[in-house]
There are 2 protein chains.
Amino acid sequence: MRGLALLSQQGLGRVSSGKLADFVNVNSWQIRKDFSYFGDFGTRGVGYDIANLARQIKKILNLDAGHKTALVGVGNLGSAVLAYPGFGTYGFSITAVFDNDPAKVGKKINNVTVEDISRLDSLVKRQIDLAIIAVPEQAAQAVADLLVMHGIKGILNFSPRRITVPKKIKVITIDIATDLARLPYYIPSS
Amino acid sequence: MRGLALLSQQGLGRVSSGKLADFVNVNSWQIRKDFSYFGDFGTRGVGYDIANLARQIKKILNLDAGHKTALVGVGNLGSAVLAYPGFGTYGFSITAVFDNDPAKVGKKINNVTVEDISRLDSLVKRQIDLAIIAVPEQAAQAVADLLVMHGIKGILNFSPRRITVPKKIKVITIDIATDLARLPYYIPSS
DNA sequence: CTATGTGAATTTATTCACAGCA
DNA sequence: TGCTGTGAATAAATTCACATAG
């Protein structure tokens, strides 16, 4: 169930077989079970065709629906997200970038021009329905409200502040501190 | 089981009761069940004492063991991590920062001086056993090897590249692209 | 003979309902 | 009377074993 997303990482054409099991560090039957939930797209006695597999996974994750993504906040974190490699693997990239700092508006970063935050109202027209929030925590909720108001359907939130949105909107929060705090739990007290 | 880490977020003294349940968006019995796995530290008819609760959680997560953390890589991502608020909530902060760029070595960022990557050998002496990798993906594995060699026990990895370490070392990988890719799955195809 | 797909068994987590202490 | 702690019931995910297609 969980390994699915990870799998598409090696989307590039490569060998095919249930040995991608140990590539994602799970046992082979987990792969088969997970796949069988969505239908069978493997050939018995042979394995899985990478190209077809990638296509199927994209369909499952709705990645072929052509979702466009906006990034709000071009501080250190925002810049890092923009430069993040691996978005290409999933077939979608960041289409628009917003910030409220006049010094940044108009600049080009990674081939995308930073726009003023007031231009968020163009999201609907541009059919952008995903957004990444990379602003200071004080501003996170306000930005989220704006995004929702302008038709965003899913938000990836980097601020440690919990944001509240209508329950129709899907939010995934990445709290670095929380993840780091989980680490000591697995470490023997020395 | 899962809500535990999230809970310590509001570590600051505050009201006490099972209503922190809806604060973390779970039902009240989940809180109680999760807590009861580690022993009972609530008073019947009253609730939980925040101060004591925070102390207990820290003990469970091994946060009171005084783990020190090093950050490797002071690019956009590294800087963002350094500036990330919320680490204080968990009682630990980043003790050392490393980079291989001579232009950055010696600079002070957020009260921590950037050291050359070759100084990683001082980790053992300084009793640093956690590390955050925020370097370009090509360098991730090499840095991980170095860290392991110098006694790091847990790694928070931001690169989309899968890194391999001895299985005694705990690695938590944060792959922004994967998280973002999960988003469309929950969105109606419109 | 190889590697998939899937029902059945086992283990784990979630939810409920209620007893017990303040 | 209110809120915690916990055993029992329910649901879900893991693991196994094996039939089946290529």
Side-chain angles (χ1 to χ4, degrees), chain A residues 1-11 13-61 167 170-173 178-179 182 185-186, chain B residues 1-11 13-61 167 170 172-173 178-179 181-182 185-186:
Chain A
M1 199 98 230
R2 57 168 179 272
L4 250 179
L6 284 165
L7 272 171
S8 48
Q9 280 183 335
Q10 58 267 8
R14 199 84 56 76
V15 298
S16 58
S17 82
K19 74 180 60 165
L20 39 78
D22 53 61
F23 193 90
V24 290
N25 293 314
V26 297
N27 314 64
S28 63
W29 60 74
Q30 290 190 9
I31 298 282
R32 296 204 298 273
K33 180 60 88 179
D34 286 357
F35 285 2
S36 71
Y37 278 130
F38 300 98
D40 39 333
F41 26 82
T43 317
R44 303 202 185 210
V46 180
Y48 298 96
D49 176 59
I50 291 289
N52 180 44
L53 189 56
R55 212 174 324 127
Q56 295 296 334
I57 292 177
K58 280 186 182 174
K59 191 176 292 180
I60 292 167
L61 292 178
K167 58 176 171 291
K170 176 70 182 177
V171 176
I172 291 182
T173 298
T178 299
D179 288 322
R182 274 167 49 202
Y185 177 74
Y186 299 98
Chain B
M1 199 99 229
R2 56 168 180 271
L4 251 179
L6 284 166
L7 272 170
S8 47
Q9 281 183 336
Q10 59 267 9
R14 200 83 56 76
V15 296
S16 58
S17 83
K19 74 180 64 165
L20 40 78
D22 53 59
F23 193 89
V24 289
N25 293 315
V26 297
N27 314 65
S28 64
W29 61 75
Q30 290 189 8
I31 298 282
R32 296 203 298 272
K33 179 58 88 178
D34 286 356
F35 284 1
S36 71
Y37 278 129
F38 300 98
D40 39 331
F41 27 80
T43 315
R44 305 205 185 210
V46 179
Y48 298 95
D49 177 59
I50 290 290
N52 180 45
L53 188 57
R55 213 175 322 126
Q56 297 295 335
I57 292 178
K58 279 186 182 172
K59 191 174 294 180
I60 292 167
L61 292 179
K167 59 176 172 292
K170 177 69 182 178
I172 292 181
T173 297
T178 298
D179 288 322
R182 275 168 47 204
Y185 178 73
Y186 300 98

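Computation of the quantities below employed the complete heavy-atom set of this structure, encompassing side-chain atoms and omitting hydrogens, waters and symmetry-equivalent molecules. Just so it is clear, the model here is predicted, and its values are computed rather than measured. Letters A, B, ... mirror the listed sequences (proteins, then strands); counts begin at 1.
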| Tell me, for nucleotides 16-22 of chain C in 5' to 3' order, what letter each nucleotide earns: B for a base near a protein heavy atom under 4.0 Å, S for only sugar-phosphate near one, - for neither? | SB-BBBS

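Annotation: the span from B:F35 atom CZ to B:I57 atom CD1 amounts to 5.0 Å, rounded to 0.5 Å. Distance check: B:F38 CZ to B:K59 NZ gives 13.0 Å after rounding to the nearest 0.5 Å. Here the CG-CH2 distance, from B:D34 to B:W29, works out to 12.5 Å after rounding to the nearest 0.5 Å.
Residue A:D40 contributes atom CG, which lies 7 Å from atom C1' of C:dG5 at whole-angstrom precision. Taking atom CG on B:D34 and atom C1' on C:dT15, their separation rounds to 12 Å, with Å as the unit. Counting to the nearest Å, the C1' atom of D:dG5 and the CD1 atom of B:I31 are 14 Å from each other. Taking atom CG on B:L53 and atom P on D:dG5, their separation rounds to 10 Å, with Å as the unit. In this structure, B:F38 atom CZ and D:dT6 atom P are separated by 13 Å, rounded to whole Å. Taking atom CZ of A:F35 as the reference point, atom C1' of C:dA3 lies 14 Å away to the nearest angstrom.
For B:D179, the side chain to side chain donor-acceptor pair (under 3.5 Å) criterion is met by B:R182, not counting sequence neighbours. Under the rule for a side chain to side chain donor-acceptor pair (under 3.5 Å), A:D49 has no partner lying at least two apart in sequence or in another chain. With sequence neighbours excluded, no residue forms a salt bridge (Lys or Arg N to Asp or Glu O under 4.0 Å) with A:D40. For the side chain to side chain contact (heavy atoms under 4.5 Å, CB included) test, residues two or more places apart in sequence or in another chain that qualify with B:K33 are B:S36, B:Y37.
Note on the helix from C:dC1-D:dG22 to C:dA22-D:dT1: terminal axis deviation equals 10°, with five pairs used at each end and the result rounded to 10°.
Distance from the side chain of B:Y48 is smallest to D:dT4 among C:dG5, D:dT14, D:dT4.
Taking 4.5 Å as the limit, some side-chain heavy atom of B:L20 sits within range of a side-chain heavy atom of B:L53.
Residues A:A21 and A:S28 come closest through the heavy atom pair CB-CA, 3.7 Å.
Taking side-chain N and O atoms only, B:Q30 has a distance below 4.0 Å to OP1 or OP2 of C:dT15.
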